[in-house]
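See structure below.
Small disclaimer: the values here were computed from a predicted structure and weren't measured.
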Amino acid sequence: MTIPSPAPVRPPLPLWLAVVVAACAGALLDLAFPSVSLWIAAPVAIGLLLVALMGRRAGGALLVGVVFGLVFYLLLVSWTSRYLGPLPWTALSALEALLTGVGLIPVALAYRWLPRASPRPALRVLLVATAVAALWVGRELLIGTFPYGGFPWARVGYTLVDTPAAMLASWIGVSGLSFVLVFFVAALVEVLRLSWERRSSFTLRGLVPALAVPIAALLALLLVPAFPTTAGGELRVGAVQGNGPTGYFDAREPLAIIASQIDASRPLFGEDLDLLVWPEGSVEGDPFQNPTLARMLSRVVAQADAPLLANAATAVGDRYFNTSFLWDVSRPAPARDDTQTHAKRHPVPFGEYVPDRAFFNAIAPDLIGLIQREYTPGSDAPVMTLDHTAIGLAICFDVIYDDVIREGINGGAELLVFQTNNADFRGTDENLQQLAIARMRAIETGRTVVNISTVGTSQVIRADGSTQAALDADRPGAMLEDVELRTGATAGVVVAPVLEQILLWGGVLLVLLGWFRARRSSRS
């Protein structure tokens, strides 16, 4: 018996209603991220968006995608307006919304063409779900790399950090986790749509093979354990949140920041310490050029009787770097050439430097004029060595970039330290969103993470993503913990870069396959 090819896909919703549904999906997806962290909202939001995209041509898909992205990003990154007002907030949201709309056009095309590529229900569900999920990941990769290095802040896999599904990231990375979540939703939606299309003749027997596709994805999300890494001893770490005046517009006296860090560190003096950790921006000057700061740091390491991992803006010639450095107790005033350093790999555009300054200065001279110092991207490895123990680093927003994290693990890191300064976003969800990413990095890499902020939220995070120790936000404090060291790279670190490329180009090829088959079907 020959199974007839399905008719061309028609939009289940009129365009005006699809736009409304897309806006609701954007608002729902925001609820899946901190501070609400209602993870179940993520699959619901994805499902609504996919229904809104079904049957759309490129123009309609662009409109639906832009509305979804605009609502989502306006809510998610509202913290960017904390000090600088609505212009940076709306500009970032509009840019991300436009990229989202462009990235969702291929998803709509997959829905137009791929159902006609195979009349068999199970294969149709598999093809459509695979293409949609792969194209979703491709869209996340686009936003995460373009423009100016991208902004991979809102990958949907991060919403699962509080669920058993997060363990899957240790096998296939965060992008792989996004793929499986979207695959599950897309497969379920396709089964429901297929059942509706063939409701007069579709039997339970015909539905079972198609249902096997989303069920397999659901089992992977629920049952896959964490990738095993090997315990390799412990390191006694003190991490200090000084709660000093580290915000861009904070009024402060000279040396107020380092003084607040020293005061908060005092409870650790005299304790048995292997390493003392301060956050990003914990020293308000270049200690390699400022003798006063150098002496203060040397007194700290002498009183703590342990090396200090701190951070400051440093200068090399006429270039400035956001630099973490290991101030060694064995030397009273280390020179830069004798000190382990790591410079931030991805300075924040329009925060730490201004790309195309002349162009943007003509548009918003008052805002652009506030950013006087231009940070240069670092090129040194995000790894430091302490008594043969390798420590991987990420400075503030570098935590969202896979290349920094992978390079640390590939460099032998047995512990990850994330230094950040959230003072410019006090009272917003930014610090909790960043903390969720840090927790997912712990799971993905199978490493303990010391996430230390100037003002919070600071935590020591176990390799399974759970909290070992925490400090209250907006208060000074110190954590002293025996943190577990672990060795061995997870599959999520090793496989993820290859998997991302397979998904990116595989999604494109599947859409082209759908176009080719649909064209042949129309001709015949």
Side-chain angles (χ1 to χ4, degrees), residues 33-34 37 140 144 150-178 226-229 237 239 277 279-280 309 324 342 344-346 381-384 390-420 422 430-453 457-470 483-497 499-500:
F33 288 82
S37 298
E140 290 187 341
F151 185 58
W153 185 264
R155 291 194 280 184
V156 74
Y158 290 139
T159 64
L160 299 178
V161 69
D162 291 317
T163 72
M167 301 304 157
L168 197 57
S170 65
W171 291 87
I172 53 178
V174 178
S175 290
L177 183 58
S178 292
F227 188 93
T229 53
V237 176
V277 179
E280 179 192 27
L309 177 58
S324 293
H342 166 64
K344 189 173 185 178
R345 189 66 59 81
H346 300 276
V383 179
M384 292 184 185
I391 300 171
L393 305 177
I395 303 171
C396 200
F397 278 12
D398 268 2
V399 72
I400 65 179
Y401 294 98
D402 292 345
D403 62 316
V404 177
I405 306 302
R406 290 168 185 160
E407 190 173 341
I409 298 300
N410 292 334
E414 301 171 61
L415 165 71
L416 295 177
V417 174
F418 301 155
Q419 298 165 286
T420 185
N422 306 111
E430 183 272 344
N431 66 329
L432 295 177
Q433 291 172 10
Q434 187 174 342
L435 179 65
I437 296 171
R439 291 177 56 210
M440 185 62 82
R441 291 304 193 187
I443 297 169
E444 180 186 26
T445 61
R447 296 294 189 273
T448 302
V449 167
V450 177
N451 187 79
I452 186 67
S453 169
T457 300
S458 298
Q459 289 190 358
V460 175
I461 305 164
R462 299 184 185 93
D464 63 359
S466 63
T467 301
Q468 180 175 336
V483 301
E484 186 179 50
L485 304 176
R486 302 195 72 85
T487 59
T490 63
V493 172
V494 176
V495 172
L499 178 62
E500 287 175 349

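Atoms NE2 and CG, from H346 and D398 in turn, are 5.5 Å apart once rounded to the nearest 0.5 Å. Rounding to the nearest 0.5 angstrom, the gap separating the OG1 atom in T457 from the CG atom in N431 is 4.0 Å.
Residue pairs satisfying the salt bridge (charged side-chain N to carboxylate O under 4.0 Å, His left out) criterion with at least one member in residues 444-453, sequence neighbours excluded, are listed as follows: R441-E444.
For the side-chain hydrogen bond (donor to acceptor under 3.5 Å, both in side chains) test, no residue two or more places apart in sequence or in another chain qualifies with T159. The side-chain hydrogen bond (donor to acceptor under 3.5 Å, both in side chains) check on Q433 picks up W79, W153, with sequence neighbours excluded. The salt bridge (Lys or Arg N to Asp or Glu O under 4.0 Å) test applied to E280 returns K344, not counting sequence neighbours. Partners of D162 according to the salt bridge (Lys or Arg N to Asp or Glu O under 4.0 Å) rule, which considers only residues two or more places apart in sequence or in another chain, are R439.
Here the shortest heavy-atom pairing between S170 and I443 reads CB-O, 3.3 Å.
For the 3.5 Å distance criterion, the side chains of T467 and Q459 qualify, holding a donor opposite an acceptor.
Judged by distance alone, with hydrogens and angles left aside, the side-chain atoms of E140 form a donor-acceptor pair with the main-chain N or O of V156 at under 3.5 Å.
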Show me the side-chain donor-acceptor pairs of residues 407-416 shorter than 3.5 Å, one per line, residues at least two apart or across chains.
from, atom 1, to, atom 2, distance (Å)
E407, OE1, R345, NH1, 3.0
E407, OE1, R345, NH2, 3.3
N410, ND2, R406, O, 3.2

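Ring orientation note: the planes of F151 and F397 are tilted relative to one another, at an angle of 30° to 60°.
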